[in-house]
Amino acid sequence: MRIHVVDHPLVAHKLTNLRDETTDSPLFRRLVDQLVTLLAYEATRDVRVGPVQIVTPVAPTSGVRLTDPQPLVVPILRAGLGMLDGMMRLLPTAEVGFLGMMRNEETLEASTYAERLPDDLSGRQCYVLDPMLATGGTLAAAIKFLTDRGADDITAICLLAAPEGCERIEKELAGLDVPVTIVTAAMDERLNEKGYIVPGLGDAGDRLYGLAG
């Protein structure tokens, strides 16, 4: 598993505003949208492309286009939905699937309660959107779900990550013969006793939508 912490002043600036407890939901949503687009730029560095020949208004030339099958973007419900527009701005031709996963706040284990994905993901690059890589249980379960259906390349985009979550994912995915990359704006200090990232930014879903869930 590869972990890429994006080191860029604009990423740091927007993340600082996201962390601020005085940032209201409308501004929080805009910042997430902008930050995800910046992270997606780095996350798609290895997106699959193939050579094509085109004609400009001046002369023939060569270039590249995304190859088929198109990448699949998979937001983890519900907070991952807040990241979707920022990702699709960069990959407008990608297909979108949905995966609903819920963390038990006592056991911290993840379970799947809804999914809308192709049955066969053979040969697909998948980009998973999950704002917080905290305990790692949800993301590890999502990656297993996708690879069980044949996905052969997984990149997860997270606003924040905790060392404990990354260690758990690496442990649970040991032996998985599929490249997995985590792209995040920051690796925070630790988890607290409730499994929240410290210093973190609070509950991303609540701050995105203004409702406890």
Side-chain angles (χ1 to χ4, degrees), residues 1-7 36 39-51 64-77 79-80 83-84 87-88 90-91 93-104 107-188 191 195 197:
M1 183 179 78
R2 186 173 72 94
I3 300 172
H4 178 40
V5 179
V6 178
D7 182 15
V36 170
L39 296 177
Y41 179 79
E42 292 294 331
T44 55
R45 188 171 294 276
D46 295 322
V47 70
R48 292 168 185 162
V49 295
V64 299
R65 287 200 176 110
L66 296 180
T67 57
D68 289 323
Q70 291 288 303
L72 181 69
V73 177
V74 184
I76 297 180
L77 305 178
M83 303 172 68
L84 183 57
M87 184 71 186
M88 297 307 292
L90 209 62
L91 277 179
T93 60
E95 295 182 1
V96 179
F98 298 95
L99 190 55
M101 308 200 83
M102 182 178 294
R103 186 178 75 163
N104 184 304
T107 66
L108 303 183
E109 296 295 325
S111 60
T112 303
Y113 66 85
E115 62 96 356
R116 183 68 175 176
L117 293 163
D119 292 332
D120 184 5
L121 294 175
S122 298
R124 299 294 289 269
Q125 280 185 299
C126 293
Y127 293 89
V128 181
L129 307 180
D130 192 13
M132 312 297 283
L133 200 180
T135 64
T138 298
L139 189 54
I143 291 170
K144 288 179 181 177
F145 193 100
L146 295 171
T147 55
D148 284 348
R149 293 201 176 182
D152 67 355
D153 190 290
I154 307 286
T155 298
I157 300 176
C158 306
L159 303 179
L160 290 178
E164 297 94 329
C166 292
E167 290 171 7
R168 178 174 178 177
I169 290 176
E170 193 150 24
K171 180 179 179 181
E172 293 199 11
L173 300 183
L176 182 68
D177 191 24
V178 171
V180 174
T181 301
I182 308 294
V183 177
T184 184
M187 182 68 68
D188 272 10
L191 297 180
I197 298 175

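What you see below is based on every heavy atom in this structure, not just the backbone, and it leaves out hydrogens, waters and symmetry mates. Computed from a prediction, not measured in an experiment: that's the story for all the values here.
- The closest side-chain heavy-atom distance from Met187 to Ile3 is below 4.5 Å.
- In this structure Asp119 satisfies the salt bridge (charged side-chain N to carboxylate O under 4.0 Å, His left out) test together with Arg149, sequence neighbours excluded.
- Annotation: side chain of Phe145 is in contact with side chain of Thr112 (closest heavy-atom distance under 4.5 Å).
- By the 6.0 Å contact criterion, CG on Asp7 is open, its count of non-hydrogen atoms from other residues, nucleotides or ligands being 12 or less.
- Counting heavy atoms from C-beta on, the side chains of Leu72 and Val96 never come closer than 4.5 Å.
- Partners of Lys144 according to the side-chain contact (heavy atoms from CB on, under 4.5 Å) rule, which considers only residues two or more places apart in sequence or in another chain, are Glu172, Leu173.
- The side-chain contact (heavy atoms from CB on, under 4.5 Å) test applied to Thr181 returns Arg2, Thr155, Val183, not counting sequence neighbours.
- For the atom pair CG (Leu99) and CG (Leu139), the distance works out to 10.0 Å, reported to the nearest 0.5 Å.
- Between Leu117 and Phe98 the shortest side-chain heavy-atom distance does not fall below 4.5 Å.
- In this structure, Ala43 and Ile157 approach most closely via the heavy-atom pair CB-CD1, 3.6 Å.
- Here Glu167 contributes atom CD and Glu164 contributes atom CD; the two are 6.5 Å apart, rounded to the nearest 0.5 Å.
- Not counting sequence neighbours, the partners of Glu95 by the side chain to side chain donor-acceptor pair (under 3.5 Å) test are Arg124.
- Arg48 meets the side-chain contact (heavy atoms from CB on, under 4.5 Å) test with Thr67, Gln125, Asp152, Asp153; sequence neighbours excluded.
- Within the 4.5 Å cutoff, the side chain of Tyr127 has heavy atoms near those of the Val47 side chain.
- Remark: Asp188 engages Arg19 in a side chain to side chain donor-acceptor pair (under 3.5 Å) (not counting sequence neighbours).
- Contact of the Met83 side chain with the Pro131 side chain is registered, since non-hydrogen atoms from C-beta on lie closer than 4.5 Å.
- Thr184 places a side-chain N or O within donor-acceptor distance of the main-chain N or O of Ala186, the cut-off being under 3.5 Å.
- Only one option out of Asp148, Val74, Ile154 pairs with Ile143 in a side-chain contact (heavy atoms from CB on, under 4.5 Å); it is Ile154.
- The distance from the CG atom of Leu191 to the CD1 atom of Ile197 is 6.5 Å, given to the nearest 0.5 Å.
- With contacts defined as side-chain heavy-atom distances shorter than 4.5 Å, the pair Arg65/Val49 does not qualify.
- You'll find the side chain of Met87 reaches within 4.5 Å of the side chain of Thr44, heavy atoms only.
- Legend: residues meeting side-chain contact (heavy atoms from CB on, under 4.5 Å) with Thr93, ordered by chain and number and at least two apart, are Leu66, Gln70.
- Note that CG of Leu159 is 7.0 Å distant from CG of Leu39, once rounded to the nearest 0.5 Å.
- Of all non-hydrogen atoms in Ile76 and Ala142, the two that sit nearest each other are CD1-CB, 3.7 Å.
- To the nearest 0.5 Å, atom CG of residue Leu77 and atom OG1 of residue Thr138 are 11.5 Å apart.
- In this structure, Ala161 and Cys166 approach most closely via the heavy-atom pair CB-SG, 4.2 Å.
- Between Leu121 and Cys126, the shortest heavy-atom contact is CD1-SG, 4.4 Å.
- Here the CD1-CG distance, from Ile169 to Leu176, works out to 11.5 Å after rounding to the nearest 0.5 Å.
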